[in-house]
Amino acid sequence: MRKARFDNPAAEVAQRYSESVSLDWRLYRYDIAGSIAHAAALAAAGIITADERQKIENALRTIEKEIESGKFEWDRSLEDVHMNIEAALTKRIGAAGGKLHTARSRNDQVALDLRLYVKTENGALSAGLRSLQTALLDLAEQHVDVVMPGYTHLQRAQPITFSHYLLAQIEAFERDVDRLRDCGRRTDILPLGSGALAGSTIVLDRELIARELGFSRVSQNSLDAVGDRDFVCEFLFCLAMVGLHFSRLSEDLILWSTSEFGFLEFSDAFCTGSSLMPQKRNPDMAELTRSKTGRLYGNLMSTLTVMKALPSSYNRDLQEDKEALFDSADTVRAVLEVFTAMLPELKINRQRMEAAASDPNLFATDLAEYLVKKGAPFREAHEIVGRLVVHAAQAKLPLNQIPLSKMQSFSSLFHLRRKTSRRRSNVGETSWWRYARQAPNQQSQTPDTAQ
Ligand code: ARG
C-alpha cells in the first residue's frame with residue numbers, strides 16, 4: 001500500500017504502535033462475509049467476472065478455515081485484519097484478489113465489520129439474558145411461598161416473598177433485552193458503499209449487499225456512515241446497564257449470605273475459601289461481578305471520550321473503539337454464564353428469612369391501612385400507628401401483643417364489629433397479626449376481616 005507514495009518504510013516503532021491486527025483479528029468472520037458479498041456486487045456491476053468472483057469466494061473460505069484452525073499467520077506489519085486477509089487472498093489468487101478492494105475503503109469496511117460483530121453479540125447476549133431470566137424464574141417458582149422482609153434504606157420495611165424479589169430482577173433484565181433490541185435497530189444498517197468518505201464513481205447494488213449480509217437498511221450518507229460509532233456507544237451503554245443490574249443483584253446476594261442475615265448460601269462450587277481463615281466461604285463470583293461493572297462503565301466512558309469532538313468522517317482515533325467493545329461483550333458473556341449456572345444452586349434458608357419477616361413492626365403499614373378502611377385519613381392513621389409503635393417499644397411489647405383495649409386508647413377505630421364470630425372476638429386480646437399470617441392474603445387482613 002505504501003510503495004508508490006512513500007520512499008521509505010514505516011518505522012518499526014510506528015508500526016508496532018499503530019497496528020490493530022492483534023485485536024481486530026477477531027473480526028475475520030465478518031470481514032470475510034463482507035468481502036464475499038462485496039465481490040458478488042462487483043460481479044453484478046461487471047467489474048469482475050463470474051469466474052473471478054468464484055475464485056475470490058473460494059479463497060476467502062479457505063482463508064477462513066485456516067484462521068479457524070489456527071494455521072493462519074497474522075502479519076503484524078500489515079496493520080489490521082482487513083489488510084492481512086486481502087494480502088493472503090492476493091497471494092493465493094493473484095490479480096483477481098487485487099480487484100476486490102474496488103469501490104471500497106477500509107473505512108467503510110471496518111464500519112461494516114463492527115456492525116456485523118455488534119449484531120451478532122447483541123443476539124447472543126440477549127439470548128444469554130433470556131436464559132438468566134429463566135434461571136431466576138425457576139428459582140422464584142421453587143420458593144414461591146417463602147416470605148422475607150423487604151427493605152428500603154436497608155431497614156426492614158414490609159414483608160415480601162423471595163419470589164417477588166426475584167421477579168423484580170427479571171423486570172430489570174427485561175429492560176436490558178428491550179434496550180438491546182432498540183440498539184439493534186440502529187446497528188442493522190449497511191455502511192458499505194460509503195468508500196473512504198465520499199462513495200465511489202463505481203456504483204454497486206447496495207441493496208444486494210445488504211440482503212446478502214442480512215441488513216435491513218442501507219446507510220443514507222457516506223460521510224456519516226464511515227464516522228458513526230453511535231451503535232458502539234449505545235451497545236456499550238446497554239452493557240453498562242446490564243452490569244449495573246448485576247452489581248445490585250450481587251450486592252443483595254452477598255449481603256444475604258452473611259452470617260448476620262443468613263438468608264442464603266452459595267453452593268460450594270461457587271464459593272472460595274480463605275488461604276488463612278479455615279472457616280471462610282467467600283462469595284467471590286458475586287463480588288467479581290459487582291466489580292466488573294466498573295470496567296463496563298469505563299469502556300463506555302472511554303469510547304464516548306474517543307468520539308468527543310472528533311472531526312467528521314473517519315479518523316484513526318476510531319481504531320481505539322475495539323478494545324473497549326470486545327472487552328464489554330466478553331465481560332457480560334462471562335457474567336451471564338456464571339450467574340445462570342450459580343443461581344439454581346443457591347441454598348435458600350426459609351427459616352431465617354421467615355423469622356426476619358415475622359417482626360410485627362413490618363405490619364405497621366397494614367395496620368395504618370386497616371384504620372384507613374375504618375375511615376381514618378391516611379396521614380392520621382400513619383400517626384396513630386407511629387405512636388403505637390413507640391408505645392410498644394417503651395412497653396417492651398411486640399406490636400402484635402398490645403391488648404385491644406390499649407389500642408383503642410390510641411384510636412376508637414380499633415374496634416370489633418358486633419356481628420363478629422366467636423373467634424373474631426379474641427382478635428384484639430391475642431394477636432391480630434397472627435391471624436394475618438395464617439390467612440392466604442396477608443395484605444388485606446385486618447383484625448376485623450381475619451377468619
Ligand atoms: N485499522 C483501522 C481501524 O481499525 C482500519 C481503517 C483504517 N483506515 C485508515 N484510513 N487508516 O479503524
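In what follows, every heavy atom counts, from backbone to side chain, and hydrogens, waters and symmetry copies are set aside. Each ligand, and each atom within it, is numbered from 1 in the order the structure gives. The model shown is predicted, which means the values in this text are computed figures rather than measured ones.
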Result block: side-chain N/O donor-acceptor pairs under 3.5 angstrom for residues 337-345, not counting sequence neighbours:
from	atom 1	to	atom 2	distance (Å)
T340	OG1	L336	O	2.6
E345	OE1	S267	OG	2.6

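Remark: K119 is not positioned above the aromatic ring of F231, lacking an NZ or CZ atom under 6.0 angstrom from the ring centre and at most 45 degrees off the axis.
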What are the polar N/O contacts of ligand 1 with the protein below 3.5 Å, with distances?
from	atom 1	to	atom 2	distance (Å)
ligand 1	1 (N)	S20	OG	3.3
ligand 1	1 (N)	E79	OE2	3.0
ligand 1	1 (N)	D80	OD2	2.8
ligand 1	1 (N)	Q319	OE1	2.8
ligand 1	4 (O)	K322	NZ	2.6
ligand 1	8 (N)	N107	OD1	3.0
ligand 1	10 (N)	N107	OD1	3.4
ligand 1	12 (O)	Y314	OH	2.5

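For N122, the side-chain contact (heavy atoms from CB on, under 4.5 Å) test picks out S126, L180, C183, F235, with sequence neighbours left out. With sequence neighbours left out, E52 forms a salt bridge (Lys or Arg N to Asp or Glu O under 4.0 Å) with K99.
When only modelled atom types and interatomic distance are considered, N58 and Q54 share a side-chain donor-acceptor pair under 3.5 Å.
In this structure, Y117 has its ring center closer than 6.0 angstrom to the ring center of F326.
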